[in-house]
Amino acid sequence: MAELQTHSAHAVPMNLLEAVNRALARAMAEDDSVVLLGEDIGTNGGVFRATEGLKQQFGFRRVMDTPLAENLIAGLAVGMASQGLKPVAEIQFMGFIYAALEQILSHAARLRNRTRGRLSCPLVIRAPYGGGIHAPEHHSESTEALFAHIPGLRVVMPSSPARAHGLLLAAIQCPDPVIFLEPKRLYRLKRLPVVADGDPLPLDTCFTLRTGDDLTLISWGAAIHETLGAADQLAAEGINAEVIDVACLNPLDRDTLVASVSRTGRAVIVHEAPGHGGMGAEIAATLANQALLHLRAPVERVTGYDCPMPYFQLEPHYLPDEERIVAAAKRTLAY
Amino acid sequence: MAELQTHSAHAVPMNLLEAVNRALARAMAEDDSVVLLGEDIGTNGGVFRATEGLKQQFGFRRVMDTPLAENLIAGLAVGMASQGLKPVAEIQFMGFIYAALEQILSHAARLRNRTRGRLSCPLVIRAPYGGGIHAPEHHSESTEALFAHIPGLRVVMPSSPARAHGLLLAAIQCPDPVIFLEPKRLYRLKRLPVVADGDPLPLDTCFTLRTGDDLTLISWGAAIHETLGAADQLAAEGINAEVIDVACLNPLDRDTLVASVSRTGRAVIVHEAPGHGGMGAEIAATLANQALLHLRAPVERVTGYDCPMPYFQLEPHYLPDEERIVAAAKRTLAY
Amino acid sequence: MRTDHDDRRVAGYKTMALIRHFDKKAVNLQRTGRLGTYASCLGAEAIGTAAGLALTRDDYFVPYYRDHATLYLRGVPLHQILQYWGGDERGNAFPADSAARRDLPYCVPIATQLTQAAGIASAAKLRHEHAAVLATCGDGATSRGDFYEALNVAGVWQLPLVVLINNNQWAISVPRGLQTACASLADKAMAAGIPGVQVDGNDLDALIEVLDHALERARAGKGATLIEAISYRLSDHTTADDASRYRKASDLHRAWQNEPVRRLRDTLAEAGLWDAQRETDWQQQCERTVEEAIDTYLNLPPAPATDMLDYLYAELPAALRDQRSALAAVDQEVRHG
Amino acid sequence: MRTDHDDRRVAGYKTMALIRHFDKKAVNLQRTGRLGTYASCLGAEAIGTAAGLALTRDDYFVPYYRDHATLYLRGVPLHQILQYWGGDERGNAFPADSAARRDLPYCVPIATQLTQAAGIASAAKLRHEHAAVLATCGDGATSRGDFYEALNVAGVWQLPLVVLINNNQWAISVPRGLQTACASLADKAMAAGIPGVQVDGNDLDALIEVLDHALERARAGKGATLIEAISYRLSDHTTADDASRYRKASDLHRAWQNEPVRRLRDTLAEAGLWDAQRETDWQQQCERTVEEAIDTYLNLPPAPATDMLDYLYAELPAALRDQRSALAAVDQEVRHG
Ligand SMILES: Cc1ncc(C[n+]2csc(CCOP(=O)(O)OP(=O)(O)O)c2C)c(N)n1
Ligand SMILES: Cc1ncc(C[n+]2csc(CCOP(=O)(O)OP(=O)(O)O)c2C)c(N)n1
Ligand SMILES: [Mg+2]
Ligand SMILES: [Mg+2]
């Protein structure tokens, strides 16, 4: 699905963080069953201020500061969702989500299936993810692949204020459990127009951000930023890259990806997470399987190294940057 | 690396479970710092009897029945390993390992790196994995992909008594943290010769179980069984399949895989876990990248469906069987 | 004069006797290959029954895997309980008109149901329902952090939650004394700032009293309670276990002296509420009821393979269409092949 | 007559004053972009110092992220503490000849260090060491299941473990009263069947006494203790936080009245163990020491990019060779470009 920048009469400039905040406020205003829970989300408005003002607006009953326990947060959310509430839980940083994995994998993702539709689990778990803000250890993780491999879950990663807004609205309305990973590096990057009363965006399609015929650059979340930058650099040299924001890693819109690469014949996939077993592998494998005869070069992956995100001194060397993306694109073109 | 069935003077017939038990006993006898911990591993000898007799032989101080808490088991093991013990923890079923993920991902896999080599974490976490024994819910999981994506960890999955024995010895001796996943479906399948005083096997190479020129079948763990069966069926029709047991999913021996498929030009990857984001994707992506010009057909994946392993009535429809593997192989050959 | 209370006790006894019979038959079904691994409730009949009697239709029940009696009293037919243990998720689709309609299904990963129960309790509180949530677990479960996290939030949020521990002295092969050094499991409530009560888990009357009190307290907005019911697991852990490997026959023998079913029967008989004739009649009734349930169970149509995808998401995602077609083809084959 | 005990108190005061100065400078370094997010220990100087004084070289220390004083006393140079907070893992490579040689590094994921500490304690017990393990955490950490799981196993295995809670009343913006309804955090020890003690976290003498006792008890094989030290976080949570958003200036002001450094100075002065001259001299010494540490820190050579792979496994796996070469090329470029 192609979505080029929407400009509308109702559009208001927002950064990604404000877009998240506005989507939460709107969802809560429109639906009483939407409740928020997490650490420091009340009076403090969240450590990034994503929930700023919401406790004041909707009261402490709907904006719950929990005790400090991520497994608890997830379990509470599962319980609430099983009875028709729509909990939106915040995990303060993605690096602290692992204690919640058992609840997510064994229960949230399975409750509907396990009860053959009698109960469901319409929760959203939001977490800021990714590096690039010189944060402490464990504050810069990109482990989306762990969640994308869990059947029954939806994994959504916006990369612009408009997509953060529209996808978060959709995630909250969605009757399935959703992991919503917010690129904290882009939180305050720039204000872009968002249609605050616009429709939710679909949860199972890629977004084509830029069209081109020479190769396809595929990415999601924060790395979209460098990917678009690389596309600009390539354009300056007369190379037209198509740029696709995958946005939803499970279920995955394979059709858009395969169609694009079948046309361009070349693909570079960019993500921040370690390459080994990352979601770039799934996409590369899919392209190589479904577009094999169209491929004019091997599908390349530009990713984090196969080590934990280093503490911030070495972080710049870890993150895929425009240079690495451009180099991979050129290798692909020269093949 | 090629390892065809070893027959030696010292070989003793064992099933996979006995091979695990013997490797544990030998490691404990040879090294005082090896200790076992887990639920029901003491007097009961483990619910599958993998630790049968070890408490009697080595005492309750070295064979510790823990309170019922997987997060605790992993944390204890990390603490012990940080001070030079070599804990071998049992998680009773892989479906109960998720509570331990935070300790594994955030600590075990990172301790050496975090302290720049001052401390290390030579632990082994064993867990029976996979379906096919008509077990209760959560008792049939294959979530190796979650662990294979964690840098700093080693993920090992044996598929025969000899490999279980040799790889477990190696895992215990290894100075890195190892997740050791035992195919419970093969535990008692058949007794095969194991050299009880043989050397540990290497932890970073594939095992070529059968050579062939027509295509390469790639698998690991329990699915090796059906994969070998499929190779037999194909052989009956005059098709010679090479069969590679990946065995170690991280670090991954890409060279052996690429070399084989570069020669045969065709590959089918088989695993029990859901396909989406599974380790088949990493291998398919690697092959398509590094062997692109040699590929005569798209790399196929035969996997579980993208849903949780169903409770046992539907399990037979979920698990990849010989028929599906043979069909994929033939599609590949007919391409 | 026969009171309401007496009626409840007699009803309780009938359920306990029925479930005991059901349990025996379920183990037999497993032994003859017609059921999967099954968790017996032998020795836990009073606990499960008391829970079922104390709960109202407005309350919520969050079971663990030995709560067959409670689910039965919540309106789940026995054949559906067998269907679950027979490896079929449809067993968890509790009847829409039953008290169990919103209850959580059996929970396999130990203690994970407890934080969920706290979540249900906070939903009930948010909606100002006059309802309590009862969650159960075993003694082994009290070692998992979830147990503590759930009690802790229930304390600080004053949730309408009652956690009932079936302390049957064993977690598979691990005895209670190796789980914790805490003098009594009820004392663990202290850590959460809520009341903790110990009760004889073989005494239906005592159980009902304690549960009534705790549930009413919860419904009235006065907060959570932890209950430790002391019992003994008279069966193997499950049909996959052999308890003789790790516990003494003499201990088991001693525990049988205090088993809940006969004990209640004797009490009722002494009070003139039960007699040999009623016992014979009821045992016959139990046999008929359980036979019927088994019959229904064994004749249930198999689930289509497509079920494994059809309930995963609210709507089948486009990404799964091909996989569903493959499974539909399997179903075709099964039907016609 | 001046006693050993007096010497220890004076040494304690000196450390507390030094760390207070260090802390102020570290916050400044962060504000001027020369340090990463930093967790201040303002108000926790007595706790950290008492821990450092009570531990022996044979003991093990398992810190959380505010334990700068303790690490310093364990022999970690101040510049290395800065190096860690400056975003460099080499800060965790504590000197091989120091008491900290085997200590765990700062732990960021709340409470996860506690089960590890229990593991270390069981290793020490297995080896019959005369050693205790001291692990620290905050009040917020007591809500995580790990806290409870660690205490529980320490109780049932009689481990030589002491868990010291720095109850500074806040977990970022969440006050102690929203973490738990338990009357005192020390009471949580009950759930594990171990003793729990409350102590004034602003009183070095009291802290040392309680710690000495608990650690000696642990070393003697008598089991674990939970200690709740009551303090107040006088700083923002970290340099990334603004506490004025969620707490009253008046509360903070009140807490300052009881702050540990001045309080100990006054006590020592009254006892004739300290005076204005010594204070001036020592403050000057603190400034010099901290300046030197900052200097050393700022002049540390940057780590090569290859470090991110070189310590991940004991030996570089073949699978990572290409990635290492790519990083080595980056290092080349940095050096020559
Ligand atoms: C998280 C988890 N770990 C391990 C298991 C395997 N297991 C099933 S029942 C059980 C013992 C539970 O003991 P207890 O809580 O006392 O309940 P009981 O079975 O005695 O009623 C164990 C270890 C599990 N189901 N879930
Ligand atoms: C598992 C986990 N969840 C969340 C965080 C983010 N976080 C860092 S400190 C903190 C509060 C900790 O409070 P407390 O335990 O009282 O220690 P204090 O900082 O007050 O000393 C939080 C929520 C974290 N580091 N780890
Ligand atoms: Mg039990
Ligand atoms: Mg605190």
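Order of the sequence lines fixes the chain letters, A, B, ..., with proteins taken first and strands second; residue numbering starts at 1 for each chain.
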Fill in the blank from the handout: With chain A, the option among L249(B), L295(B), N250(B) that has the most non-hydrogen atom pairs under 4.5 Å is N250(B)

Fill in the blank from the handout: Note: vs chain B, highest number of non-hydrogen pairs under 4.5 angstrom among A148(A), P274(A), A288(A), A273(A) is P274(A)

Handout entry: Residue that, paired with H276(A), satisfies side chain to side chain contact (heavy atoms under 4.5 Å, CB included) out of I150(B), L252(B), T286(B)
Key = L252(B)

Exercise for the section: Please assess L146(A) against L105(B) for the test side-chain contact (heavy atoms from CB on, under 4.5 Å), listing each intermediate value before the final yes or no. Expected result: CA-CA 11 Å; L146(A) 305 188; L105(B) 187 156; 3.8 Å; yes

Completion exercise
Taking every heavy atom of P308(A) against every heavy atom of R110(B), the minimum-distance pair comes out as CB-NE, 3.6 Å

Completion exercise
Note: vs chain B, highest number of non-hydrogen pairs under 4.5 angstrom among E300(A), Q290(A), R254(A) is R254(A)

Exercise for the section: Let me know if E137(B) has heavy atoms under 4.5 Å from chain A in its side chain, its backbone, both or neither. Expected result: side chain

Exercise for the section: Under 4.5 Å, counting heavy-atom pairs only, tell me which of P310(A), S106(A), A297(A) racks up the most with chain B. Expected result: S106(A)

Exercise for the section: Identify which part of A291(B) has an atom lying under 4.5 Å from any heavy atom of chain A, answering side chain, backbone, both or neither. Expected result: neither

Problem - Minimum-distance pair of heavy atoms, taken over all atoms of A99(B) and E102(A) - result: CB-OE1, 3.6 Å

Completion exercise
For A284(B) and A285(A), the nearest pair of non-hydrogen atoms, with its separation, is CB-CB, 3.7 Å

Problem - Distance, nearest 0.5 Å, that separates CD of Q103(A) from OH of Y98(B) - result: 13.5 Å

Practice task
With a 4.5 angstrom heavy-atom cut-off, could you sort out which part of I104(B) is near chain A: side chain, backbone, both or neither?
Solution key: neither

Completion exercise
The reported gap from CG in N289(A) to CG in L287(B) (rounded to nearest 0.5 angstrom) is 12.0 Å

Practice task
Sort out for me which of T143(B), I97(B), L293(B) touches chain A most, counting heavy-atom pairs under 4.5 Å.
Solution key: L293(B)

Problem - Between NE2 on residue H107(B) and NE2 on residue H138(A), distance to nearest 0.5 Å - result: 5.5 Å

Handout entry: N113(B) portion near chain A, given a 4.5 angstrom heavy-atom threshold
Key = side chain

Exercise for the section: Measure distances from N71(B) to the heavy atoms of chain A and classify the residue's part below 4.5 Å as side chain, backbone, both or neither. Expected result: neither

Practice task
Kindly give the heavy-atom pair with the smallest separation between D306(B) and P151(A), and that separation in Å.
Solution key: O-CB, 3.3 Å

Problem - Residue part contacting chain A, namely of E70(B), when any heavy atom lies under 4.5 Å - result: neither

Fill in the blank from the handout: dist H149(A):NE2 -> M279(B):CE (nearest 0.5 Å) comes out at 9.5 Å

